[in-house]
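Encoded as structure tokens, the structure appears first; notes follow it.
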Amino acid sequence: MAQNEVVADLGAGTGYFCQQFLTHTAAAKIYAIDLEPNIRIYLQRRFADVPNLTCTACTPTSPCLPDDVDLLFMANTYRFITERSTFLANLKQQLPEKARVVIVDFKGNHARVTPKMAMEEVIAAGFEIYHYERDSCPDHYLLSFRLAP
């Protein structure tokens with residue numbers, strides 16, 4: 001991740017990865033995006049003193065991305081999106097031209113969405129995969145993609 005990038009953590013939950021971005025990167029701004037209103041209230045309280053972190057809402061079919069995002073990060077979220085083709089179509093419309101998307105999700109035998117399914121869905125939606133890592137984590141895969149040229 002480059003210095004001064006704008007990161008959106010979609011499915012931010014309790015803010016674990018938001019805190020990691022704050023602590024270990026030089027992100028210019030972080031968006032903590034979540035569907036659940038109570039989680040957003042929690043995030044707003046947890047990060048109340050962090051001026052470069054903003055909590056925002058998404059919907060089940062749209063990430064509702066701010067237009068200045070450089071990196072969209074989703075950890076353990078993709079498998080819970082029930083209307084993934086609609087979600088990906090909306091993401092394609094909202095994603096800034098040079099932005100990247102990183103999915104980290106479960107790859108086990110009982111995965112709701114296998115890595116192969118995720119890759120097929122992303123490609124079918126008009127994105128280009130530029131990195132896939134299956135073996136660096138015991139239970140998760142990492143899939144990085146961007147808008148196809």
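Values below: all heavy atoms of this structure, side chains included; hydrogens, waters and symmetry mates excluded.
Scanning both residues, Ala12 and Asp34, for their nearest heavy atoms gives N-OD2, 3.2 Å. Minimum interatomic distance between Gly11 and Thr77 (heavy atoms only, all atoms of both residues): CA-OG1, 3.7 Å. For the residue pair Ala118 and Val113, the shortest heavy atom distance occurs at N-CG1, 3.9 Å. Across every non-hydrogen atom of Cys64 and Cys58, the tightest pair is SG-CA, 3.8 Å.
Note on residues 38-61: no pairs pass side-chain hydrogen bond (donor to acceptor under 3.5 Å, both in side chains), not counting sequence neighbours. Screening residues 82-93 for side-chain hydrogen bond (donor to acceptor under 3.5 Å, both in side chains), with sequence neighbours left out, gives Arg84-Glu121. Sorted by first and then second residue, the pairs that involve residues 98-118 and meet salt bridge (charged side-chain N to carboxylate O under 4.0 Å, His left out), not counting sequence neighbours, are Glu5-Arg100, Arg79-Asp105, Lys116-Glu120.
Looking at heavy atoms from C-beta onward, Val7 lies out of side-chain contact with Lys29 at the 4.5 angstrom threshold. Residues Leu143 and Val122 meet the side-chain proximity criterion, which asks for heavy atoms closer than 4.5 Å. Ile33 has its side chain within reach of Leu65: a pair of non-hydrogen atoms, C-beta onward, lies under 4.5 Å apart. No side-chain heavy atom of Val101 sits less than 4.5 Å from a side-chain heavy atom of Arg146. Between Ile39 and Pro37, the closest side-chain pair of non-hydrogen atoms is not below 4.5 Å. Contact annotation: the side chain of Pro60 approaches that of Leu35 to within less than 4.5 Å [non-hydrogen atoms, C-beta and beyond]. Between Phe145 and Ile123, the closest side-chain pair of non-hydrogen atoms is not below 4.5 Å.
In this structure, OH in Tyr78 is found 12.0 Å from CG in Leu10, a value given to the nearest 0.5 Å. Note: Ser62 OG to Leu88 CG = 11.0 Å, rounded to the nearest 0.5 Å. Going from atom CD1 of Ile30 over to atom CZ of Phe73 covers 11.5 Å, rounded to the nearest 0.5 Å.
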Got a list of side-chain donor-acceptor pairs under 3.5 Å for residues 129-142, not counting sequence neighbours?
unit_1, atom_1, unit_2, atom_2, d
Glu133, OE2, Asp135, N, 3.1
Glu133, OE2, Ser136, N, 3.1
His140, NE2, Asn76, OD1, 2.9

In a table with atom names and distances, give each donor-acceptor pair under 3.5 Å that connects a side chain of residues 13-26 to protein atoms at least two apart or in another chain.
unit_1, atom_1, unit_2, atom_2, d
Gln19, NE2, Thr23, OG1, 2.9
Gln20, OE1, His24, NE2, 3.4
Thr23, OG1, Gln19, O, 2.8
Thr25, OG1, Phe21, O, 2.5
Thr25, OG1, Ala27, N, 3.3

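In the hydrophobic clustering of ILVMFWY residues, with side-chain heavy atoms under 4.5 Å counting as a link, Met117 and Met119 come out together. Cluster membership for Leu53 and Met74, using ILVMFWY side-chain heavy atoms within less than 4.5 angstrom, is not shared. Residues Val104 and Leu95 do not share a hydrophobic cluster, clusters being chains of Ile/Leu/Val/Met/Phe/Trp/Tyr side chains in contact below 4.5 Å.
Between the Asp70 side chain and the Ala99 main chain, no donor and acceptor come within less than 3.5 Å of each other. Checking side-chain atoms of Asn4 against main-chain N and O of Ala28 turns up no donor-acceptor pair under 3.5 Å.
The side chain to side chain donor-acceptor pair (under 3.5 Å) search around Glu36 returns none, not counting sequence neighbours.
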Apply side-chain contact (heavy atoms from CB on, under 4.5 Å) to residues Leu147 and Phe127 and explain how you reach the verdict.
CA-CA 5 Å; Leu147 293 171; Phe127 293 97; 3.7 Å; yes

